[in-house]
Amino acid sequence: DYWPILGRFEKESNSTGHMIDIDYKYKSDISSQFNVTVRDKKYSDYYKLNGQLDNQTILVRSQSRLNFLDKSINGDLFYEVSTQKTAKLEKVFVQVQKGNGNYIYLGDLNGNGIADEYEYEPTLYDGEFILITIPSDKLYPVIDLKTSTRWKIEMEELIDTDNLLATIVKPLSTETVFRIEENTQELDYKKIYLLNLSAFQNEKLTLRGTNFFQQDFFIFENSSSLSFRLRYSQRRSLTQFASGTEKGFAKERGVRIRFRMIEEISNLTEFGVNDDNVAAIITSNRNRKINSNFLNTDFSYRPQRNIEVGLKLKYSESTDSYPQKPTIVNLNGQGIRFNYSFSGLGRLRIELERNELLSNSTENFLPYELTGGNTVGKNYFWRVNFDYRFGLNIQSTASYDGRLQGTGRIIHTARAEVRAFF
């Protein structure tokens, strides 16, 4: 590479790369790809004196698809690791047109003349700011790792006998997902390459890290008459921002039941317990320790193929234990909907929803994750969405949203659009 210096092109650096690709396939059971790329970049003396350092980039990537026992057990394996330079992230709130953002600005709460992070609050409606993350100025040499695996076991395909035990086990199936992402300054590369998890999410070295695990158990998974899903998922994360470290932990335990009462009426019911914890700097409004229990049930009635009428009921109790006096929020909600399809040409959807939040405290800060963007008190929403296609080249859409939250005023929002294709 050559760059102009004082009107002349001078040599900046010399780069050399080596790459190995291996592809392997065995019938329809195993399909695997493996790639290693090594790139060395050496700078000239002039650029070394100006702070540029020789560097080596190593990229290892492996992706496999595996099927065993006539595809009754199948899975995916993915592994990618590379060395690079990266920067710590900095949160920046950018103002946009009202209604197009996700945050509102509460004002200069501490009177320091600076718009601090905790002075922005998430919102479902009327947001004027969006949150973006931009890299800070200083670059750090890091290792970036992404790896995941997914495994599916279907007992019906695995067992071919017809005894009593087989009859009980055949309706079962499972799916397991495990994913790790780590962006770290760890100098002992083998700890990262060999997945030494004790070295991951280190507060001194990790810039961004996530561990995610999800386990699903299904009973009659593909049945339209009756099916069950039991889920356990857990996610741990750590992110180094320019303002400080943020650690997160989330856990879900839940049951989902689908069943059809008669040909026209079906139901989906979910019950679960969720944990949502975040530890950030003391001045951040993202600190929370939320435990919630929820129950949702949704009835669907289809008198004809192109008509659906729905009724949804939900209840939840959430406790934020982070404040000195824990905040308890109870939610009860009801909603009805009507859908009409125009034989592949379009759809009309009408929804009415009521959510009521009851809180034991009016003094504590209520995180967005605790209220879901609703206001303490009664919240009413009504929506109409319509889209229709006039021939092959003209598409029209129209929507209307209305809401009344707490003791506020009614807000009406309407949009319409017609597109022509030539």
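The figures here come from the full heavy-atom set of this structure, side chains too, leaving out hydrogens, waters and symmetry mates. Starting from 1, each residue takes its place in the sequence as its number. Predicted model only: the values in this text are computed from it and were never measured.
- Among residue pairs with one or both ends in residues 18-30, those qualifying as side-chain hydrogen bond (donor to acceptor under 3.5 Å, both in side chains) are Asp21-Asn35; sequence neighbours excluded.
- Between Val81 and Ile143 the shortest heavy-atom distance is CG2-CG2, 3.5 Å.
- A salt bridge between Glu417 and Arg419 is present, with a side-chain N of the basic residue lying under 4.0 Å from a carboxylate O of the acidic one.
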Would you mind writing out the side-chain donor-acceptor pairs for residues 194-207 within the sub-3.5 Å range, not counting sequence neighbours?
| residue | atom | partner | partner atom | Å |
| --- | --- | --- | --- | --- |
| Asn196 | OD1 | Ser198 | N | 3.4 |
| Asn196 | OD1 | Ser198 | OG | 2.6 |
| Gln201 | NE2 | Arg236 | O | 3.2 |
| Asn202 | OD1 | Lys204 | N | 2.8 |
| Glu203 | OE2 | Lys247 | NZ | 3.3 |
| Thr206 | OG1 | Glu182 | OE2 | 2.6 |
| Thr206 | OG1 | Gln201 | N | 3.2 |
| Thr206 | OG1 | Asn202 | N | 2.8 |
| Thr206 | OG1 | Asn202 | O | 3.3 |

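- Judged purely by atom type and a 3.5 angstrom limit, Arg403 has no side-chain atom pairing as donor or acceptor with the backbone of Arg409.
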Please set out all donor-acceptor pairs under 3.5 angstrom arising from side-chain atoms of residues 170-179, sequence neighbours excluded.
| residue | atom | partner | partner atom | Å |
| --- | --- | --- | --- | --- |
| Lys170 | NZ | Thr161 | O | 3.3 |
| Ser173 | OG | Glu221 | OE1 | 2.9 |
| Thr176 | OG1 | Gln215 | OE1 | 2.5 |
| Thr176 | OG1 | Gln215 | NE2 | 3.2 |

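- Taking the ring-ring contact (aromatic ring centres under 6.0 Å, His included) definition, one finds that Phe390 meets it with Tyr388, sequence neighbours left out.
- With sequence neighbours excluded, no residue forms a side chain to side chain donor-acceptor pair (under 3.5 Å) with Lys71.
- The pair Lys152-Glu154 fails the salt-bridge criterion, with no side-chain N (NZ, NE, NH1 or NH2) lying under 4.0 Å from an Asp/Glu carboxylate O.
- Sorted by first and then second residue, the salt bridge (charged side-chain N to carboxylate O under 4.0 Å, His left out) pairs with a member in residues 341-351 read Arg349-Glu351; sequence neighbours excluded.
- A 4.5 Å side-chain heavy-atom check between Arg256 and Phe271 finds every atom pair outside the cut-off.
- Taking the side chain to side chain contact (heavy atoms under 4.5 Å, CB included) definition, one finds that Phe78 meets it with Arg61, Gln63, Glu80, Lys146, Ser148, sequence neighbours left out.
- Note: Leu352 CG to Trp382 CH2 = 9.0 Å, rounded to the nearest 0.5 Å.
- Between Arg258 and Asp298, no side-chain nitrogen of the basic residue sits less than 4.0 Å from a carboxylate oxygen of the acidic one, so the salt-bridge criterion is not met.
- Atoms OG and CD, from Ser292 and Glu252 in turn, are 9.5 Å apart once rounded to the nearest 0.5 Å.
- For the residue pair Glu246/Thr239, the side-chain donor-acceptor check at 3.5 Å is not satisfied.
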Q | Asn332 vs Gln334, side chain to side chain donor-acceptor pair (under 3.5 Å): CA-CA, chis, key distance, verdict | A | CA-CA 7 Å; Asn332 66 86; Gln334 306 82 34; 3.3 Å; yes

Q. Can you list the steps and then say if Glu308 with Ser300 is a side chain to side chain donor-acceptor pair (under 3.5 Å)?
A. CA-CA 7 Å; Glu308 184 213 12; Ser300 175; 2.8 Å; yes

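- Between Asp76 and Arg65, at least one side-chain nitrogen of the basic residue sits less than 4.0 Å from a carboxylate oxygen of the acidic one, meeting the salt-bridge criterion.
- Checked against side chain to side chain donor-acceptor pair (under 3.5 Å), Thr123 has no partners two or more places apart in sequence or in another chain.
- Taking a 6.0 Å sphere around NZ of Lys41, one finds it holds more than 12 heavy atoms contributed by other residues, nucleotides or ligands.
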Q: Decide yes or no on side chain to side chain donor-acceptor pair (under 3.5 Å) for Thr327 and Asn364, but give the supporting numbers first.
A: CA-CA 7 Å; Thr327 307; Asn364 292 344; 2.8 Å; yes

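- Around the CG atom of Leu187, the shell of radius 6.0 Å holds no more than 12 heavy atoms that belong to other residues, nucleotides or ligands.
- Atom CG of Asp70 has 12 or fewer heavy atoms from other residues, nucleotides or ligands within 6.0 Å.
- Residues satisfying the side chain to side chain contact (heavy atoms under 4.5 Å, CB included) criterion with Ile22, sequence neighbours excluded, are Ile20, Phe34.
- Sorted by first and then second residue, the salt bridge (charged side-chain N to carboxylate O under 4.0 Å, His left out) pairs involving residues 321-335 (not counting sequence neighbours) form an empty list.
- Heavy atoms from other residues, nucleotides or ligands lying under 6.0 Å from NZ of Lys289 number 12 at most.
- Phe129 is linked by a ring-ring contact (aromatic ring centres under 6.0 Å, His included) to Tyr120, counting only residues two or more places apart in sequence or in another chain.
- Every pair passing side-chain hydrogen bond (donor to acceptor under 3.5 Å, both in side chains) that includes a residue from residues 259-280 is listed here, sequence neighbours excluded: Arg253-Asp275, Asn267-Thr269, Asn267-Thr297, Thr269-Thr297, Asp275-Asn291, Asp276-Arg288.
- A distance of 6.0 Å or more separates the ring centres of Phe220 and Phe218.
- No donor-acceptor contact under 3.5 angstrom links the side chains of Gln395 and Asn393, judged on distance only.
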